[in-house]
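See below for the structure under consideration.
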Amino acid sequence: MELLLGFCNWSTLGLCAALKLPQISAVLGARSARGISLPSLLLELGGFLVFLRYQWYYEYPLLTYLEYPILITQDLILLLCVFHFNGDVKRAAPYIALCVSAWFILTLQKWILDLAMNLCTFISAASKFAQLQYLWKARDSGAVSALTWGLASYTSATRIITTLMTTNDLTILLRFLIMLALNMWVTATVLRYRKTAVKAE
């Protein structure tokens, strides 16, 4: 069991260190943020921030959430890329300021953090649905990386295992089950529209 837990924790951490790199690389390579939903990215960033703050506040084992600072940093880089290729990097500043403020506001009262964590699953699910909606509307996956979404599916699966083996927190477990299903759905949608685009050419 310890070996499985260690494998899940370290493989998740290793993959998350590079999780958004294919997406960032695809955006930089295409010199375009086409296909990336800004609302999806912002909701994901908010969900990651709440989740990290919750785990830290309740002093859960560090290895069960160590990837979140890395994911937040990568999302911030991706956010800057989206604004850069949409022609207005300065518009990212209020969103970054909001993230920094939220970090402190979340723990002003315990009930604020608990409420935010309960809403976190809905926020994260909304981010996936925003990306799905964008893909359905455009019928083109553009610069969206299927590898990034596939890796996110894997990390959700490993976090289901680590949650069951460590904290057994039902709120966190439910979140990862929902994220696994939605990450797989986005991956399949990206691949579907990539094939459609290739056939059209």
Side-chain angles (χ1 to χ4, degrees), residues 8 12 15-16 19-20 22-24 33 35-58 60 64-76 78-79 82 95 98-99 102-103 105-106 111-164 166-193:
C8 287
T12 299
L15 285 176
C16 284
L19 184 70
K20 299 285 181 169
Q23 183 62 75
I24 293 167
I36 296 174
S37 165
L38 181 60
S40 171
L41 183 58
L42 293 170
L43 287 167
E44 180 180 71
L45 188 56
F48 285 166
L49 188 72
V50 169
F51 192 74
L52 173 62
R53 196 61 165 140
Y54 179 86
Q55 297 262 58
W56 188 344
Y57 182 83
Y58 284 106
Y60 282 160
T64 62
Y65 66 90
L66 190 57
E67 69 270 20
Y68 281 88
I70 298 166
L71 291 172
I72 289 168
T73 302
Q74 290 177 9
D75 264 357
L76 288 171
L78 191 53
L79 182 69
V82 168
Y95 296 109
L98 182 63
C99 287
W103 180 259
I105 292 168
L106 283 168
W111 68 265
I112 296 173
L113 184 59
D114 290 340
L115 176 63
M117 185 58 196
N118 286 323
L119 294 173
C120 182
T121 299
F122 296 108
I123 293 167
S124 295
S127 82
K128 313 302 181 202
F129 278 115
Q131 183 61 57
L132 282 166
Q133 184 180 28
Y134 194 91
L135 290 167
W136 294 332
K137 186 177 178 183
R139 296 180 127 356
D140 177 11
S141 57
V144 180
S145 169
L147 179 58
T148 291
W149 287 98
L151 293 175
S153 301
Y154 172 82
T155 59
S156 294
T158 58
R159 283 304 175 211
I160 290 168
I161 295 167
T162 60
T163 301
L164 286 170
T166 55
T167 63
N168 218 10
D169 186 315
L170 188 58
T171 305
I172 293 173
L173 186 59
L174 181 63
R175 179 184 190 279
F176 283 124
L177 286 167
I178 292 169
M179 291 307 99
L180 174 61
L182 292 174
N183 284 331
M184 290 172 65
W185 193 359
V186 174
T187 304
T189 304
V190 169
L191 291 172
R192 177 180 173 218
Y193 288 127

request  = Give the intermediate values and the outcome of side chain to side chain contact (heavy atoms under 4.5 Å, CB included) for residues Thr171 and Asn118.
outcome  = CA-CA 7 Å; Thr171 305; Asn118 286 323; 3.8 Å; yes

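- Of all the heavy atoms in Ser40 and Lys128, the pair that sits closest is OG-N, 4.5 Å.
- Closest heavy-atom contact between Pro22 and Ser145: CB-OG, 3.4 Å.
- The main-chain N or O of Ile24 is never found under 3.5 Å from a side-chain atom of Gln74 such that the two would form a donor-acceptor pair.
- The two atoms that bring Cys8 and Thr162 nearest to each other are CB-CG2, 3.5 Å, heavy atoms only.
- Side-chain contact, Ser156 with Arg159: no donor N or O sits under 3.5 Å from an acceptor N or O.
- Within a 6.0 Å radius of CH2 in Trp56, no more than 12 heavy atoms belonging to other residues, nucleotides or ligands are found.
- Between Ile36 and Gln23, some side-chain heavy-atom pair lies under the 4.5 Å cut-off.
- For the atom pair OG1 (Thr166) and CD1 (Ile161), the distance works out to 11.5 Å, reported to the nearest 0.5 Å.
- Counting heavy atoms from C-beta outward, Leu135 and Gln131 have side chains that approach closer than 4.5 Å.
- The closest side-chain heavy-atom distance from Ile172 to Gln55 is below 4.5 Å.
- Atom CH2 of Trp111 has 12 or fewer neighbouring heavy atoms from other residues, nucleotides or ligands inside a 6.0 Å radius.
- Taken from CG in Leu79 to OH in Tyr95, the straight-line distance is 8.5 Å, to the nearest 0.5 Å.
- Expressed to the nearest 0.5 Å, how far OG1 of Thr187 lies from CG of Leu182 amounts to 10.5 Å.
- For the pair Pro69 and Leu52, the tightest heavy-atom approach, listed with the atom from each and the gap, is CD-CD1, 4.0 Å.
- Side-chain rings of Trp185 and Phe129 approach one another, their centers coming within less than 6.0 Å.
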message = Pair Leu173, Ile160 - check side chain to side chain contact (heavy atoms under 4.5 Å, CB included), show working.
response = CA-CA 6 Å; Leu173 186 59; Ile160 290 168; 3.8 Å; yes

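- The line from CG of Leu115 to CD1 of Ile112 is 8.5 Å long, rounded to the nearest 0.5 Å.
- Residues Ala146 and Leu191 approach most closely at CB-CD2, 3.6 Å, considering heavy atoms.
- There is no side-chain donor-acceptor pair under 3.5 Å between Asp169 and Tyr58.
- Atoms NZ and CD1, on Lys20 and Ile72 in that order, are 11.5 Å from each other to the nearest 0.5 Å.
- For the residue pair Thr158 / Thr12, a side-chain donor-acceptor distance below 3.5 Å is found, with atom types taken as modelled.
- Residues Ile70 and Cys16 come closest through the heavy atom pair CG2-O, 3.5 Å.
- Aromatic ring pairs are classed by plane angle as parallel below 30°, tilted from 30° to 60° and perpendicular above 60°; the pair Tyr68 and Phe51 is tilted.
- A donor-acceptor pair under 3.5 Å links the side-chain atoms of Arg53 to the main chain of Trp103, judged by distance alone.
- Results of the side chain to side chain contact (heavy atoms under 4.5 Å, CB included) test with Trp149 over Asn183, Thr189, Leu19 single out Asn183 as the only residue that passes.
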ask   = Going through the distances and angles, do Ser127 and Leu41 end up as a side chain to side chain contact (heavy atoms under 4.5 Å, CB included)?
value = CA-CA 7 Å; Ser127 82; Leu41 183 58; over 6 Å; no

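- Using a 30° and 60° split on the angle between ring planes, Tyr60 and Tyr54 fall in the perpendicular class, above 60°.
- Separating the SG atom in Cys120 from the CE atom in Met179 is a distance of 8.0 Å, to the nearest 0.5 Å.
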ask   = side chain to side chain contact (heavy atoms under 4.5 Å, CB included) between Asp75 and Leu71: does it pass, once the steps are laid out?
value = CA-CA 6 Å; Asp75 264 357; Leu71 291 172; 5.8 Å; no

